[in-house]
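What follows is a single structure, written as structure tokens, with notes after it.
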Amino acid sequence: MKLFSSMSAVTLAVMSTSNAFAADFNFTSKLAKGDALVVFQNVDSDANLKFLDRDTRKQLQRAIKTDAFTGKYGKTVDVLAPVDSKYSRIVVVGLGQSSELTAAKMAKLGGNIHAKLEAKKIANVSLAFESVQSDVENSELAAQFAHGANLRDYTFEVYKKEPQAFNVTYNIDVADKKQTIKRYQELANIEQGVFLARDLTSEIATEMTPVDFALEAKSLEKLGVKITILEPAQLKELGMGALEGVGRGSKEGARLIVAHYEGNKDTPIALVGKGITFDSGGYSLKKGPSIARMKSDMAGAAAVLGTIKAIALNKADVNVVAVMGMAANMVSRYSIAPGDVLRTAEGHSVEVVNTDAEGRLVLSDAMWYARKHFKPEIMVDVATLTGSKIRAVGNRYSAIFSEDDVLVEQMTLAGKQVNEQVWRLPLGYKDTLSSDIADFTNLGSSGPGATTAATFLQQFAGDTRWLHIDIAGNALSSKAKGEVPVGGTGYGVRLLSEWLLKNHK
Ligand code: BES
Ligand code: MN
Ligand code: ZN
């Protein structure tokens, strides 16, 4: 299977693995003639745009007045420049209060401005970055703008007759060119992880089975990532009856995929991902149109694999392993039935009261494997786990669960820094998981669904520091916005990369 994602590059070129180049960035110290010029304006700016009076014969000042433009974040003024002007058109972009301008806001703006320029078919753009006022470094902001534009530019086009062809070239004037390029390359590597996660998530379920996913994981070997793949017979032998059980309904069965990037010899961090390549609900069949979105139920696995790619490309000084529990939750004559009891490798037996609560089953064995084989310092699992999470916090946040306040604080900060915000919800409710026949049921008898699911997972964390991220609702977007296009979002790659690279120590 051939995956397809757009990618962009600095002139000094990062790596080029894919075919579509739809945004190019040159970091320069002089702006090109004939381009559209984009200038920035803070609300509290002490600079003014008078230097453009001659080039616009004061049209710009007039437009600013007419539109009552004050430099509010995200607002723009756009004028066509006179024929004798150096530029074809001039766009002023508001940045808000300089003290409130963050890296995350700049990435979001990069996405929105890029979409706007592309919609207007503006092919050459000069960005005057030096007028930007902020407490954040200019080089960081310029790199984040480019990052946001690249992230927004991605499209999944495998099934489209006509690929997106339009290309925008940016010349960005920055004071510290070297520093900007260095930071941009780091972010471009993270983009590659995000694009992988988006490709995996957007691909249709019949083309992205556990075996297909395993092949994609294998392709990370060239980056020095060690890949291990366990098949159903091996899962059974190791006692992973929950993962193996969920996989029984599909022809190829379950897989456990391990991707280890050993950037140093520290105790590893384990990332565990839910990889349900399609969630029909099984015999507890899903009803209604939402079932058509269930190709994205492997987005947790995609996020942790994408993170490994991002970290490996950055040759980061961390030891991190991703463990992915892969299966298709299907109806067939071999599927598990409601009321069945599965044996987990941890030793807990689980009564499957509802076959649609399958994520916690595959995760239980994946978490056990991560602990048993890697004795991680910290374990973070990522899963499109519950509809209840969406009802609780919607899709602008993911939900996090942990008894470790330090981890919660670190993840919350990382989320703010990359625009993938998290909100803490409670654990507890262990008593609701009791079963008449087994050690637990996979369905709480009462209590909020996102919390009972998280509490179930907690039974498989042992005494390892652990945090669970429920990304239901975050994995597929139906509307492009900021740095996020339509389709698979790759949610979690930027969050986890930021946490691993900056916050976890
Ligand atoms: N994959 C779903 C959760 C989900 C729902 C993700 C909507 C994204 C969007 C999960 O496996 C599931 O079916 N959960 C059930 C659990 C219930 C049966 C206890 C749910 O949340 O309804
Ligand atoms: Mn389900
Ligand atoms: Zn599911």
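Each ligand, and each atom within it, is numbered from 1 in the order the structure gives. Values below: every heavy atom of this structure, side chains too, minus hydrogens, waters and symmetry copies.
Each of the following atoms of ligand 1 lies closer than 4.0 Å to a heavy atom of Thr384: 1 (N), 2 (C), 3 (C), 6 (C). Which parts of ligand 1 touch Leu443 is read off a 4.0 Å heavy-atom cut-off, strictly below it: atoms 19 (C). Every atom of ligand 1 is numbered from 1 in the order shown, and the set under 4.0 Å from a heavy atom of Ile390 is 7 (C), 9 (C).
Residue, atom and distance of the protein heavy atom nearest to atom 15 (C) of ligand 1 are Asp356 O, 4.1 Å. Among protein heavy atoms, the minimum distance from atom 16 (C) of ligand 1 is reached at Arg360 NH2, 4.0 Å. With hydrogens left out, the protein atom closest to atom 20 (C) of ligand 1 is Gly387 N, 3.8 Å, a heavy atom. When only non-hydrogen protein atoms are considered, atom 18 (C) of ligand 1 lies nearest to Asn354 ND2, 3.5 Å. The nearest heavy-atom contact from the protein to atom 7 (C) of ligand 1 is Met294 CE, 3.6 Å.
Two residues are said to be in side-chain contact when any heavy atoms from C-beta on lie closer than 4.5 Å; Ile229 and Lys218 meet this criterion.
Contacts between Lys286 and ligand 1 below 4.0 angstrom, taking non-hydrogen atoms only, involve the side chain exclusively. Residue contacts with ligand 1 for Ile276 are absent, since no atom lies close enough (heavy atoms, distance under 4.0 Å). With a heavy-atom cut-off of 4.0 Å, Lys274 touches ligand 1 through its side chain alone. Here Leu385 has backbone heavy atoms under 4.0 Å from ligand 1, and that is the only part of it that gets that close. Only the side chain of Asp297 comes within 4.0 Å of ligand 1, judged by heavy-atom distances.
The residues Lys274 and Asp297 are annotated as salt-bridged, a charged nitrogen and a carboxylate oxygen being separated by less than 4.0 angstrom. Ionic pairing of Arg424 and Asp405 is present here: one or more N-O contacts between side-chain nitrogen and carboxylate oxygen are shorter than 4.0 angstrom. For Glu498 and Arg494, the salt-bridge test fails: no basic side-chain N is under 4.0 Å from an acidic carboxylate O. A salt bridge does not link Lys295 to Glu203: none of the charged side-chain nitrogens sits closer than 4.0 Å to a carboxylate oxygen.
Shown are Val418, Leu151, Asn314; of these, the side chain to side chain contact (heavy atoms under 4.5 Å, CB included) with Ile190 is made only by Asn314.
Checking only distances, Glu358 does come within under 3.5 Å of ligand 1, N or O to N or O. Between Asp279 and ligand 1, an N or O atom pair is found at a separation short of 3.5 Å.
Not a single heavy atom of Arg293 sits less than 4.0 Å from an atom of ligand 1. In this structure, Asn442 falls outside the shell of residues with a heavy atom less than 4.0 angstrom from ligand 1.
Distances from the Mn ion (ligand 2) to each N, O or S atom of Asp279 single out OD2 as the nearest. In Asp279, the N, O or S atom that comes nearest to the Zn ion (ligand 3) is OD2. If you look at Glu358 and ask which of its N, O or S atoms sits nearest the Mn ion (ligand 2), the answer is OE1. Summary: OD2 is the N/O/S atom of Asp297 found nearest to the Zn ion (ligand 3). The nearest N/O/S atom of Glu358 to the Zn ion (ligand 3) is OE2.
Trp466 and His468 have parallel rings, their planes meeting at less than 30° on a 0 to 90° scale where 60° marks the start of perpendicular.
In this structure, OG in Ser398 is found 6.5 Å from NZ in Lys389, a value given to the nearest 0.5 Å.
The Zn ion (ligand 3) has an N, O or S atom of Lys274 closer than 2.8 Å.
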